[in-house]
Amino acid sequence: AYINSNGPLLVSGTHGYAGGLFIGTNLTGTLGIEGQLTTTTATLGNSAGASGSVSVSGIWSLGGALYVGNEGDGAVTVTGGDVSAGTTYLGAGLGGSGTLTVESNGSFGTGGLYIGYAGTGGAPGAVGGDGTLTVTSGDVSTDVAVIADGVGSTGTATISGSSSSMTNAGAFVVGGGGVGSLVVENGATVDNSVSATIGNLASSAGSSIVVRGAGSTLQDTGALIVGNSGAATLRIENQATATSNGSIIGRHSTSSATVTGTGSEWSTGDLRIGGDSNDAGGTSGDGTLNVTAGGEVTSTSARLGDVAGMEGEAIVDGASSRWEVTSGSLEIGRSGSGSVTIRNGATLETIHALLGSNAGAEGTATITGTGSSWAASGNIYVGNVGNGDLSVLNGATVTSAAGYIGTDAASNSSVTINGASSEWSMTEPFIAGYMGDATVTLGAGGRISALQGTLGDMAGSSGTMTVTGAGS
């Protein structure tokens with residue numbers, strides 16, 4: 001069936017059937033569905049300059065593919081109705097633009113959903129497909145979803161409102177080969193049952209997810225990857241929440257995640273920032289975690305600079321800002337370079353922590369400012385096999401069980417405690433130079449307290465402590 005004009009209205013109580021349905025093959029076509037329509041496939045806006053639109057308040061069932069904006073413009077609006085399709089393409093062809101809107105408790109279900117599909121293949125002057133999904137009240141459910149699939153494509157999805165949701169049974173990608181963005185806001189929910197990736201290919205650089213507003217939730221049963229090969233960002237703000245089974249920031253890209261604002265929370269399993277030891281080859285990855293203005297992050301374990309040559313950084317800034325590592329170790333510079341900064345009244349809570357875990361690694365931690373604290377219920381190793389540096393400054397505090405500086409013979413590491421009320425307090429021994437070399441500097445009122453202290457413990461090690469200033 002072909003519709004190239006303001007087409008029919010399938011009224012309530014009627015049921016229509018068609019094989020292949022084309023709306024706007026080379027002109028403008030429209031269709032309204034208040035009753036029930038069953039088709040094999042459908043194409044809206046088939047050729048350049050054409051447009052096709054369908055409004056659904058009834059039921060539309062497609063056994064095969066739905067192309068919304070092939071090389072022209074296409075639009076589907078589901079207003080309290082129900083649409084099901086095999087696979088859905090928004091912006092299916094070069095230059096095509098497709099939009100899908102779900103409102104008034106509508107429902108849209110599909111096998112694969114591609115929001116911005118066609119890639120340019122690098123052809124000069126070619127324009128990739130563009131797709132837009134907007135859910136203001138209702139549900140979209142998919143087996144697989146990709147926003148901006150082809151190289152050169154673009155795609156955006158906005159899930160907004162407490163009665164809005166997107167549920168993905170399979171993999172979810174924001175920025176496959178093109179630049180994609182997802183916004184979850186105003187109490188909406190996006191639920192991914194397998195994994196979510198932001199910025200899959202290098203060409204997807206600039207892809208992003210933003211979760212904002214009280215009640216807004218991003219849920220990932222599997223891993224959440226921020227920047228596989230494309231530079232990407234994740235932002236959780238204004239009392240929004242996110243959960244994931246494990247997360248990577250900057251696998252093979254320079255990428256960041258930010259959690260900001262009181263009530264904003266991200267809870268994840270193992271967190272890797274800067275590289276992924278399970279996928280160590282290829283382009284280097286640099287990752288940054290920012291926790292600001294009262295935001296909170298909880299991870300079961302964490303590794304910064306997980307791969308040699310890669311860098312991971314975490315900054316926890318501001319009163320009530322908090323990062324807790326609940327069960328595994330915090331490794332700051334596992335095989336690459338890692339740094340952690342806790343400042344302006346922020347807190348870090350861990351069990352065991354290692355700065356410079358493996359050979360060649362570099363780990364740095366700076367705790368600075370009154371009210372800033374690091375509480376480790378286990379031991380802190382400043383320089384395990386690699387090199388570590390810990391600075392406690394300007395009234396900040398660190399507490400732990402034991403403290404080791406220069407644990408292995410290959411380690412050359414240091415600790416600086418400087419400023420009135422700055423202190424590292426231990427309930428077990430403090431050893432500076434266990435098998436390696438250690439330098440400790442206390443100044444301007446900085447203090448260390450421990451069950452006992454040792455400088456240069458094992459044969460071949462060295463430990464040096466310099467104490468200056470009143471109150472040190």
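Hydrogens, waters and symmetry mates play no part in the numbers below; they use all other heavy atoms, side chains included.
Within the structure, every pair that satisfies the salt bridge (charged side-chain N to carboxylate O under 4.0 Å, His left out) test and touches residues 237-249, not counting sequence neighbours, is listed here: R235-E237. Every pair passing salt bridge (charged side-chain N to carboxylate O under 4.0 Å, His left out) that includes a residue from residues 250-270 is listed here, sequence neighbours excluded: R251-D276, R251-D279, D270-R272, D270-R303. Residue pairs that meet the ring-ring contact (aromatic ring centres under 6.0 Å, His included) test with at least one member in residues 363-403, sequence neighbours left out, are Y381-Y404. Residue pairs meeting the salt bridge (charged side-chain N to carboxylate O under 4.0 Å, His left out) criterion with at least one partner in residues 145-160, sequence neighbours excluded, do not occur; the list is empty.
Judged by distance alone, the side chain of N358 and the main-chain N or O of R334 form a donor-acceptor pair under 3.5 Å. Looking at S253, its side chain does come within 3.5 Å of a backbone N or O of G227 through a donor-acceptor pair. Within the 3.5 Å criterion, the main-chain N or O of A376 finds no donor-acceptor partner in the side chain of H352. With hydrogens and angles ignored, the 3.5 Å screen pairs a side-chain donor or acceptor of S264 with a backbone N or O of N238. The backbone N or O of N186 sits less than 3.5 Å from a side-chain atom of S216, completing a donor-acceptor pair. When atom types are taken as modelled, the side chain of S472 and the backbone of G445 share a donor-acceptor pair closer than 3.5 angstrom.
Partners of I448 by side-chain contact (heavy atoms from CB on, under 4.5 Å), not counting sequence neighbours, listed by chain and number: I417, W424, M426, F430, V440, L442. Every residue two or more places apart in sequence or in another chain that forms a salt bridge (charged side-chain N to carboxylate O under 4.0 Å, His left out) with D317 is listed here: R343. By the side-chain contact (heavy atoms from CB on, under 4.5 Å) test, S449 is found to be paired with E423, S425, residues two or more places apart in sequence or in another chain being considered. Remark: F172 pairs with no residue by the ring pair (Phe, Tyr, Trp, His ring centres under 6.0 Å) rule, at least two apart or across chains. Among residues two or more places apart in sequence or in another chain, the side-chain contact (heavy atoms from CB on, under 4.5 Å) test is passed with S339 by E313, T364. For D143, the side-chain contact (heavy atoms from CB on, under 4.5 Å) partners at least two apart in sequence or on another chain are A169.
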Report all side-chain donor-acceptor pairs from residues 285-293 shorter than 3.5 Å, counting only partners two or more places apart or in another chain.
unit_1: D286; atom_1: OD1; unit_2: E311; atom_2: N; d: 3.2
unit_1: T292; atom_1: OG1; unit_2: T260; atom_2: OG1; d: 2.8

Which atom pairs, donor and acceptor, lie under 3.5 Å between side-chain atoms of residues 55-69 and protein residues at least two apart or in another chain?
unit_1: W60; atom_1: NE1; unit_2: T39; atom_2: OG1; d: 3.2

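The OH atom of Y89 sits 13.5 Å away from the CD1 atom of I115 when rounded to the nearest 0.5 Å. Here the CG atom belonging to L354 is positioned 5.0 Å from the CG atom belonging to N384, to the nearest 0.5 angstrom. Atom OG of S373 sits about 10.0 Å away from atom CZ of R322, to the nearest 0.5 Å.
Remark: of the listed residues V102, T189, D139, V135, V135 is the sole one forming a side chain to side chain contact (heavy atoms under 4.5 Å, CB included) with S164.
By the 4.5 Å heavy-atom criterion applied to side chains, I159 and V140 are not counted as neighbours.
Using modelled atom types and a 3.5 Å distance limit, the side chains of S413 and S411 yield a donor-acceptor pair.
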